[in-house]
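Encoded as C-alpha cells, the structure appears first; notes follow it.
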Amino acid sequence: FMDTFMDCLYNVGAVKKVIGKEVFVAMSGGVDSSVAALLLKRQGYDVVGVFMKCWTGSSTWIHADFYADKRENVSECGWEKDAEDARRVAEKIGIPFYTWDFEEEYKKKVVDYMIRGYKRGETPNPDVMCNREIKFGLFLERALKIGADYIATGHYVRLQRMRDSKLSRFYRGLSTKSEQIHANLRKDKFVDSGKFVLRRAQDDPEPVERVVVSHRLCQAKDKNKDQSYFLWTLTQKQLQYCLFPIGDYIKPEVRKIAKRAGLPTAEKKDSQGICFLGQVALADFLKEYLPEKRGAVLNLSGQKIGEHQGAHFYTIGQRHIGIKNYESRIRGRQDTRPSYVAKKDVKKNIIVVAEGGDNPALYRKEVALSDVNFIIPPVIHNSKFDIPVLARVRYRQPLAPATLIIADDKRTGADKNPRVSACKSATLRFYKEQRFVAPGQSAVLYIKHEARNMKHETEYEMLGGGVIRI
C-alpha cells in the first residue's frame, strides 16, 4: 500500500514539473518511438511528433539502375511506409506531426562516412554516426531553435539526472576527504555521487580537480534490447535536453502498451541491420562506390586457398566469404571447421583467414582507440593514468573487465585547462582476450555500481567510448 501511495505522490509531482514543457519525439514509424510519444503524452508533456526523412533510395546521387532489380526488397524498409505509420500513430495519440528532410545531410554525414571507412579497410558504424550527427545533432538543434524543451527517442537506454542537493553535500566534504576519495578510486570504486575524481600527482601543488556529472546514461532494463552501445558519443550538453521514455520497460511491455492503446504499430516488426539498405546486401551497395578487385585469400601459413572480390568488402570476424577451405580438403578432413577473416590489407588487397572460431589469431587483448568521448568526464592531467572499466567491442557482446589507459595529448580548451570530455587517443587493455575486434567499430566503456532503488540491482553506467584503431 505504501509503495502505491508513494508512487501516486511521485507521479503527481512529476506531472506538475512537465506541464507546459514541449518535447519533440523522433518517430521512426516503429513501435518503440510510438510508445515513447504515448508515454510522454500521458505524463503531461506537450508532445510533437517528427519523422526524419534520411534516405529514399531514389536520390540523384544513387546510380539509376542500382535498385532496378531490388525494388521489392527496398520497399520492405520504404521510408514512405514508415512515415505514414508514424503519422497514423500521431493522429491516434492526438499530437502534431511533421516530416523533416535530412536526406542530403544524412548522405554526407552517414553514408559517405560509411563508404570512406570501408575504402580505408575499416568497419564503420553508421548507427553511431547517425545518432551523433542526425538524431542528437541536426534534429536536436532544430527542435531547440523552434522552442522545444526536450527531444525524445525510442532508444532502449536509461537516463538519470542528479539532484543539486546531493552535489552540494558531496562538495562540502570533498576538501577534507581527497585522500580517501583517491584511495577509493584506486580500489576500482567510484564515489557515490556519480563523480569521477582524480587527484594530481603528489609533487603537483595544484588542488584536486573535480567534474560535476549531472546526467548519467545507463543500460536499459531490457538487456537484450539495450542500445546504449550506439550512444557513446553523447555529451552532457546534449543529454540535458534528452528523454528516453522506454528505457525502464522490456520489449514485451512496450508492445503490450501499444496494443492496449490501439497504436497501428503495435505488431510491426523491428527493423534489422542498416535500415536504409532494406534487404539489399551491404556488399552490393558498396560495389556501387568501391570497385571490385580480385585478390588472394591466405591461411595463417601464407598459403593461397581462394580468391575474393576486394578486401574492402570484408570485415574482421566475417565467416561467409565465398570460398571453400581447400587446405582442409587437401588434408582429407571431413569435418572442415568454418574459417573467419582474421586480417586484411586493402593496399595489398589480401585477406587472411583463420580456421575455427577459437583460433588465437581471432583474439586481441589490447586495443588502440581514437576520438574518445567521455559521458562521465574524467580529469585529464599531465601524466598517464589508468581507469578500471567494463567494455565491449561489439553490439550485444558481454561486458568484459578492462583498463583504459589515457596518455596526455596536451589538448586544452579555450581556458587553457585540460579537456575533460574527450581525448585524441587511448589504449584499452582487457583482462582476457576478445574475439573479432574490427578497426572502425566502437569500443564502449561502462562502470558498475549498485542502483539506487529498493531492489539494489546492479546497474551498468556508460563512461563513454572510442573508435577502434588496431
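Taking NE2 from H155 and CG from L217, the interatomic distance works out to 10.0 Å, rounded to the nearest 0.5 Å. To the nearest 0.5 Å, atoms NZ (K432) and OH (Y363) are separated by 11.5 Å. The CZ atom of F244 lies 14.0 Å from the OH atom of Y156; values are rounded to the nearest 0.5 Å. In this structure, L159 CG and L243 CG are separated by 7.5 Å, a value rounded to the nearest 0.5 Å. Here the CZ atom belonging to F139 is positioned 11.5 Å from the SG atom belonging to C130, to the nearest 0.5 angstrom. Here the CD1 atom belonging to I115 is positioned 11.5 Å from the NE2 atom belonging to H312, to the nearest 0.5 angstrom.
With hydrogens and angles ignored, the 3.5 Å screen pairs no side-chain donor or acceptor of R319 with any backbone N or O of Y340. At least one donor-acceptor pair under 3.5 Å links the side chain of Q238 to the backbone N or O of F136. Within the 3.5 Å criterion, the main-chain N or O of V444 finds no donor-acceptor partner in the side chain of R392. Of the possible donor and acceptor atoms, one in the side chain of N373 sits under 3.5 Å from a partner among the backbone N and O of W232. Here the side chain of D226 pairs a donor or acceptor atom with the backbone of A220 at under 3.5 angstrom. A donor-acceptor pair under 3.5 Å is absent between the side-chain atoms of K41 and the main chain of V47, judged by distance alone.
Between P124 and M129, the closest side-chain pair of non-hydrogen atoms is not below 4.5 Å. Counting heavy atoms from C-beta outward, R120 and V346 have side chains that stay 4.5 Å or more apart. Side chains of Y150 and C242 form no contact here, defined as non-hydrogen atoms less than 4.5 Å apart. Within the 4.5 Å cutoff, the side chain of V89 has no heavy atoms near those of the K92 side chain. In this structure, the side chains of E80 and E84 stay at 4.5 Å or more apart for every pair of heavy atoms. Using a 4.5 Å cut-off on side-chain heavy atoms (C-beta onward), W79 and F51 make contact. With a 4.5 Å cut-off on side-chain heavy atoms, L282 and Y118 count as touching. Side-chain contact between F374 and T235 is absent, with no heavy atoms from C-beta onward closer than 4.5 Å.
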CA sep, side-chain torsions, deciding dist, call: D46, V23, side-chain contact (heavy atoms from CB on, under 4.5 Å): CA-CA 6 Å; D46 294 335; V23 52; over 6 Å; no

Please test F97 against V50 for side-chain contact (heavy atoms from CB on, under 4.5 Å), starting from the C-alpha separation and ending with a verdict. CA-CA 6 Å; F97 178 77; V50 177; over 6 Å; no

Quick one, R469 with E122, criterion salt bridge (Lys or Arg N to Asp or Glu O under 4.0 Å). Give me CA distance, side-chain angles, the key distance, then yes/no. CA-CA 9 Å; R469 310 289 186 196; E122 300 173 351; 2.7 Å; yes

Carefully, step by step, assess F430 and V393 under the rule side-chain contact (heavy atoms from CB on, under 4.5 Å). CA-CA 11 Å; F430 288 94; V393 295; 3.9 Å; yes

For side-chain contact (heavy atoms from CB on, under 4.5 Å), just list the numbers for T123 and Q441, CA-CA rounded to whole Å, side-chain angles, deciding distance to a tenth of an Å, and then say yes or no. CA-CA 6 Å; T123 305; Q441 280 290 298; 3.6 Å; yes

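With respect to K221 and D248, no salt bridge is recorded, no charged nitrogen being found less than 4.0 Å from a carboxylate O. A salt bridge links D32 with K251: the distance from a Lys NZ or Arg NE/NH1/NH2 to an Asp or Glu carboxylate oxygen falls below 4.0 Å. Comment: R87 engages E91 in a salt bridge, judged by a side-chain N to carboxylate O separation of less than 4.0 angstrom. Contact check on E461 versus K448 returns no salt bridge, with no Lys/Arg side-chain nitrogen under 4.0 Å from an Asp/Glu carboxylate oxygen. Using a 4.0 Å cut-off between a side-chain N of Lys or Arg and a carboxylate O of Asp or Glu, D85 and K268 qualify as a salt bridge. With respect to D270 and K225, a salt bridge is recorded, a charged nitrogen being found less than 4.0 Å from a carboxylate O. Look at K365 and E433 and you find no salt bridge, because none of the NZ, NE, NH1 or NH2 atoms lies under 4.0 Å from a carboxylate O.
The local environment of NZ in K343 is sparse, with at most 12 non-hydrogen atoms from other residues, nucleotides or ligands closer than 6.0 Å. Shown here is K223, whose NZ atom has more than 12 heavy atoms of other residues, nucleotides or ligands within 6.0 Å. In the displayed structure, R396 atom CZ is contacted under 6.0 Å by more than 12 heavy atoms of other residues, nucleotides or ligands.
When all heavy atoms of L231 and N131 are compared, the pair lying nearest together is CD2-ND2, 3.6 Å. Taking all atoms of both residues into account, the shortest heavy-atom contact from L428 to A443 is CD2-CB, 4.1 Å. Considering every non-hydrogen atom in both G49 and I95, the closest pair reads N-CD1, 3.8 Å. Residue F102 comes nearest to R142 through the heavy atom pair CE2-NH2, 3.5 Å, listed as atom of the first residue, atom of the second, then distance. Pairing each heavy atom of I316 with each of P439, the nearest pair is CG1-CD, 4.0 Å. Looking at every heavy atom in both residues, G30 comes nearest to S33 through O-OG, 3.5 Å.
Note on ring orientation: taking the six-membered ring where Trp is involved, the planes of F285 and Y289 are tilted (angle from 30° to 60°). Between Y229 and Y395, the ring planes lie tilted relative to each other; the angle falls in the 30° to 60° range.
Between the side chains of S425 and S370, no donor-acceptor pair is found at a separation under 3.5 Å. Counting only N and O atoms by type, the side chains of Q236 and H215 include a donor and acceptor under 3.5 Å apart. Y446 and S228 are linked by a side-chain donor-acceptor pair at a separation below 3.5 angstrom, with hydrogens and angles left out of the test. Checked by atom type, the side-chain pair Q434/Q397 shows a donor-acceptor distance below 3.5 Å.
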